[in-house]
Protein chains: 2
Amino acid sequence: MSAIPIYRLEERHPQAQACAACEVRSSALFGVLDDAGLDRIHTQIAALTLAPDTPVYDRGTAGLAVYTIRSGLVRFERSNARGDRRIVRIAGRGDLIGQEALLQRPYADEAVACTELQLCRIPRTLVDQLAQGRDSLPRELMLRWQQALDAAESWVSDLSTGPARRRLLQLLQRLALHADAADQIWLPRRDEIGAMLDMTLETASRLVSQMRREGVLELLPGRSAQLDRPALQRALQQEDDT
Amino acid sequence: MSAIPIYRLEERHPQAQACAACEVRSSALFGVLDDAGLDRIHTQIAALTLAPDTPVYDRGTAGLAVYTIRSGLVRFERSNARGDRRIVRIAGRGDLIGQEALLQRPYADEAVACTELQLCRIPRTLVDQLAQGRDSLPRELMLRWQQALDAAESWVSDLSTGPARRRLLQLLQRLALHADAADQIWLPRRDEIGAMLDMTLETASRLVSQMRREGVLELLPGRSAQLDRPALQRALQQEDDT
DNA sequence: CGAGCCGTTGAGGGGATTCAAGCTCAGTGG
DNA sequence: CCACTGAGCTTGAATCCCCTCAACGGCTCG
């Protein structure tokens, strides 16, 4: 027989026992909570088990929960305009996934189980409750972090995928987001383009020249360039069908 | 003459005026603060201007501040074991950079000005003060976010850089982090390896076979494999010198 | 004016893709 | 029981894209 009094056994929700015994608890999100804290939250947390290749969540759907990985691997997938999907990250035991949900944002990737997967599902409202953020600074901070994460992941799926010409076009499109009033963009040195797109500076140079001949770009003195946005869009379009 | 009483003009710190007039204020980290709030913090915030190609901070140094970008572009660089550096992200106007500092962690990348750059330097202690986090949940959350960001950026610099063989070795090393007790790893399908490393499934297959012949891997039934860690380390080492 | 950085362009070779065929193996139904 | 099927993996041959090595021109700066 267990040493725990019988009324305690009955009183405690089965999930509370699971949480108290959880192997990843100390490294997990709520590791800082004590047993009493666990008692308050356990009823809202659900333990899930998923088979390999089943989705945890889909990109774009409204996120209502985050998940802690208790065992197994998860991969994050994105597909670009050309239609080919790219795996941009994996997460494993102890990692927290789907954090976009805390910002009431749609999930940024499709998350799929690699192996058999054991998860704890934590509703957004529960985290809100515990954070009790009257002051909105943490939220602002989290927003920044998520934006950085999103930028890093789309760097993989857009700028590190496919043939060199397409990667350069994607880069130009991204630089265009920071263009000034006259549609002038900052154009990196050729070796910097190489470091961004994983190509040699010669290849970068050839492609930039090609863009110039096609009228997408016009080089200006001082590391800047005039961009013809419609031409860029047309070129990108052409890359994406086929 | 201004409508502001002269004593107010003198009373207000010059930085407070700069903050109040800031063009990116509404989209910036402290956008939620009102004028009174600004009055409390302005003395600690410094406006900086950097020339192109000057570093904002270095990878690995202890972070004491975060920065808001008021104008210009910043690139984040990493160099891998082979010595070639890769740009893994860029940030622009309104973005917050160096958030690792809030967790008292070293900066994860080298941040360098692309263009002329205008920044606001915000000390970590100031953010702490405003967040007043006795409760450590926000910190835990931020930690998770930073881990995800770090994983995404090293995905670029490790798994999306260099020749196919090296990329696969890097992937194996990463999968080895999630190995079970007997050093068995989850081995993705060939097309999944392709989606991770941006190569065709045929190339992935050829390389996996090559690893098998070299004794780095032993294929096991059910999408798993036995890994010879020393052999893997040797193979990676060999890739990295030359 | 020579040195050095940056960019451009060419020639040749190599690594990855493309297209294709054949293999193993699990599941299915005659 | 076994042909049949389809998914996943492997391997070959030809092609092509990109890298490597190289030479050269414009430009700034000491």
Side-chain angles (χ1 to χ4, degrees), chain A residues 51-53 82-87 112 114-115 159-172 185-214 216-226 235 238-239 242, chain B residues 51-54 82-86 112 114-115 159-172 186-214 216-225 235 238-239 242:
Chain A
D53 296 321
R82 193 148 124 258
D84 41 32
R85 108 200 141 136
R86 182 85 199 261
I87 296 173
V112 185
C114 292
T115 60
L159 301 188
S160 303
T161 302
R165 175 184 163 86
R166 184 178 194 283
R167 301 208 302 278
L168 179 61
L169 287 168
Q170 292 284 149
L171 176 61
L172 291 179
I185 63 170
W186 169 71
L187 197 65
R189 288 200 321 264
R190 302 302 173 263
D191 64 326
E192 289 172 337
I193 295 181
M196 292 182 185
L197 305 178
D198 191 38
M199 60 180 68
T200 60
L201 65 93
E202 292 95 333
T203 302
S205 173
R206 281 182 241 272
L207 289 172
V208 169
S209 299
Q210 190 180 329
M211 303 288 94
R212 194 161 37 75
R213 282 190 289 270
E214 294 178 13
V216 175
L217 271 183
E218 188 180 345
L219 299 191
L220 300 175
R223 204 138 292 161
S224 73
Q226 184 76 38
Q238 214 159 7
E239 286 291 317
T242 61
Chain B
D53 296 322
T54 52
R82 195 150 121 256
D84 40 32
R85 109 202 137 132
R86 181 86 200 262
V112 185
C114 292
T115 61
L159 301 188
S160 304
T161 302
R165 177 184 161 86
R166 184 178 195 283
R167 301 208 303 278
L168 180 60
L169 288 168
Q170 292 283 148
L171 176 61
L172 290 179
W186 169 72
L187 196 67
R189 287 200 321 263
R190 302 303 173 263
D191 63 328
E192 289 172 337
I193 296 181
M196 293 181 185
L197 305 179
D198 190 40
M199 60 180 70
T200 60
L201 65 92
E202 292 94 334
T203 302
S205 173
R206 280 183 241 270
L207 290 171
V208 168
S209 299
Q210 190 180 328
M211 302 288 94
R212 196 162 36 74
R213 281 191 290 272
E214 295 179 11
V216 175
L217 271 182
E218 188 180 345
L219 299 190
L220 300 175
R223 203 138 292 160
S224 72
Q238 215 159 6
E239 287 290 319
T242 65

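Just so it is clear: chains get the letters A, B, ... in the order the sequence lines come, proteins before strands, and each one is counted from 1.
- Dashed line: the shortest gap from a side-chain N or O of A:T203 to OP1 or OP2 of D:dC19 is under 4.0 Å.
- With rounding to whole Å, B:E192 atom CD is found 15 Å from D:dA7 atom P.
- For A:R223 and A:E202, each mapped to the nucleotide of DNA chain C holding its nearest heavy atom, the one lying further toward the 5' end belongs to A:R223.
- C:dT17 atom C1' lies 17 Å from atom CD1 of B:I193, rounded to whole Å.
- A:L219 comes within 4.0 angstrom of sugar-phosphate atoms only, judged by non-hydrogen atoms across all strands, and of no base.
- Note on B:T200: every side-chain N or O is 4.0 Å or more away from OP1 and OP2 of C:dA16.
- Under a 3.5 Å cut-off, the side chain of B:S209 and the backbone N or O of B:S205 do form a donor-acceptor pair.
- When the local axes at the two ends of the helix from C:dG15-D:dC16 to C:dG30-D:dC1 are compared, using 5 base pairs at each end, they differ in direction by 0° after rounding to 10°.
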Can you check side-chain contact (heavy atoms from CB on, under 4.5 Å) on A:L169 and A:M211, steps first, answer last?
CA-CA 9 Å; A:L169 287 168; A:M211 303 288 94; 3.5 Å; yes

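- The side chain of B:R206 contributes no N or O atom lying less than 4.0 Å from OP1 or OP2 of C:dA16.
- What separates CZ of B:R212 from C1' of D:dT11 is a distance of 11 Å, to the nearest Å.
- If you check every strand for non-hydrogen atoms under 4.0 Å, B:S205 touches a base.
- Between the CZ atom of A:R167 and the C1' atom of D:dC19 there is a distance of 12 Å, rounded to whole Å.
- Atom CD in A:Q210 sits about 12 Å away from atom C1' in D:dC17, given to the nearest Å.
- Between the C1' atom of D:dC19 and the CG atom of A:D198 lies a distance of 11 Å, rounded to the nearest Å.
- Rounded to whole angstrom, the span from the CE atom of B:M199 across to the P atom of C:dG15 amounts to 14 Å.
- Counting non-hydrogen atoms under 4.0 angstrom, A:R213 reaches the backbone sugars and phosphates but no base.
- Proximity of B:M196 to B:L159: side-chain heavy atoms (C-beta onward) are nowhere separated by under 4.5 Å.
- Side-chain N or O atoms of B:R165 include none that pairs as donor or acceptor with a backbone N or O of B:Q210 at under 3.5 Å.
- When the C1' atom of C:dA16 is taken as reference, atom CG of B:L207 falls 9 Å away, rounded to whole Å.
- Residues satisfying the salt bridge (Lys or Arg N to Asp or Glu O under 4.0 Å) criterion with B:E218, sequence neighbours excluded, are absent altogether.
- No donor-acceptor contact under 3.5 angstrom links the side chains of B:R167 and B:T203, judged on distance only.
- Listed nucleotides: D:dT10, C:dT8, C:dA16. Nearest to the side chain of A:L201: C:dT8.
- We find the OG1-CG distance between B:T115 and A:L187 to be 13.0 Å, quoted to the nearest 0.5 Å.
- Residue-level contact check: A:R189 touches the backbone only, with heavy atoms under 4.0 Å from sugar-phosphate atoms and none from bases.
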